[in-house]
Amino acid sequence: MTPTLNGIARRAGAVLAGVALAAGVATGSAAAADKPTIRFGVPTWTGVTVKSEVAAQILEHMGYATKQTTASPAVALNTIKSDELDVYLGGWMPTEKEMIDPLVENNEAKVLTTNISDAIMGLAVPKYVWEAGVKTEADLAEHAGKFDKKIYGIEAGSGFNKNIKEAIDNDRHGLGDWQLISSSTSGMLAQTERAIQKDDWIVFLGWEPHWMNIRFDIKYLKAVGEPKIAETTSDVLTVANIKLGERHPDVETFFSQYVVRKDEQSKWVLQHGQQDMPAEEVASQWIAGNLDRVAEFLDGVKARDGQPAIEAVKAAVGS
């Protein structure tokens, strides 16, 4: 299935003015005068890219126009505050807590829902390593030789790389003579894939949702004691313009019910990020094949013409 002409045209548009202009390129054309435009802030994260595209296509089937603007989390949140954007689906907590909480407390933005719950990030190993007895962070040192005393991280300067380096520097769990291998995310995953293909032992920084959880049979190590080396769970929030519900109550209801499962987003990341499917195609195929899930998002929601929104979506996808 190829992207619709409407979808292609929608992404040909202009750049947001002001602060967003400096940080992100808008995708989407000017809407027809009779269609209100719902404006998304989208960070350059594969999962949020597809998650935003799914929502945008549903809204278009309901009779709205949409505009997606590439922006960092800080820019997206600030432009929601200044009423230049309507919604941001990438509110990763607790990482963005210091940015989001003040906006909510000052009634400059609102949180509509947690669209992903219990996202995981931590040290991970292949399942065969876990089955051999490495199930916690404290088990690593006992098998140091098999790991070549290396932990594979991601980009230098990331928060979790810092946590791993501090654990090594403080000889936590006997890791004092281990080495953190910083790399690009793609480089780390390539190293992991090579190790798994040869049944070699490797410990690396993993997270979910992500395609690695589909492609690789992996397990996350439990933390033992405090501070944890890397284990954490996070929620991802939907942050909206405080005026969204007043302007478009059905749109706000939809976003408050738009909650994605981790396995769904992991598959989207695999298709778009690894299999090079355009986000538009990933979204359109998923919507057409998962109308039961779309119906959950649209419970009690009406399209702009007054019909139940799910019926508008079904008509649009030919179901």
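All residue numbers refer to positions in the sequence shown, counting from 1.
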Partner set under salt bridge (Lys or Arg N to Asp or Glu O under 4.0 Å) for Glu166, not counting sequence neighbours: none
Which residues pass the salt bridge (Lys or Arg N to Asp or Glu O under 4.0 Å) test with Lys97, sequence neighbours left out? Asp101
Verify the distance criterion only: is there a donor paired with an acceptor across the side chains of Asn161 and Ser182 at less than 3.5 Å? yes
Is Asp139 reaching over with its side chain to a backbone N or O of Val134, donor-acceptor style, under 3.5 angstrom? no
Just jot down the salt bridge (Lys or Arg N to Asp or Glu O under 4.0 Å) partners of Asp171, sequence neighbours excluded, or say none. none
Tell me, please, which residues at least two apart from Trp178 pass ring-ring contact (aromatic ring centres under 6.0 Å, His included). Phe147
Would a single hydrophobic cluster contain both Val111 and Val259, if residues Ile, Leu, Val, Met, Phe, Trp and Tyr are joined by side-chain heavy-atom contacts under 4.5 Å? no
In sequence, state the C-alpha distance, the side-chain angles, and the governing distance for Trp211 and Phe216, and then conclude on ring-ring contact (aromatic ring centres under 6.0 Å, His included). CA-CA 8 Å; Trp211 60 259; Phe216 307 148; 5.7 Å; yes
Name the orientation class of the two ring planes belonging to Phe40 and Phe255 (parallel below 30°, tilted from 30 to 60°, perpendicular beyond 60°). perpendicular
By salt bridge (Lys or Arg N to Asp or Glu O under 4.0 Å) - contacts of Lys262 (at least two apart): Glu208
Taking all heavy atoms of Val269 and all of Thr46, pick out the closest pair and write down the distance. CA-CG2, 3.9 Å
Write out all pairs satisfying ring-ring contact (aromatic ring centres under 6.0 Å, His included) with one or both partners inside residues 291-317, taking only residues at least two apart or from two chains. Tyr258-Phe297
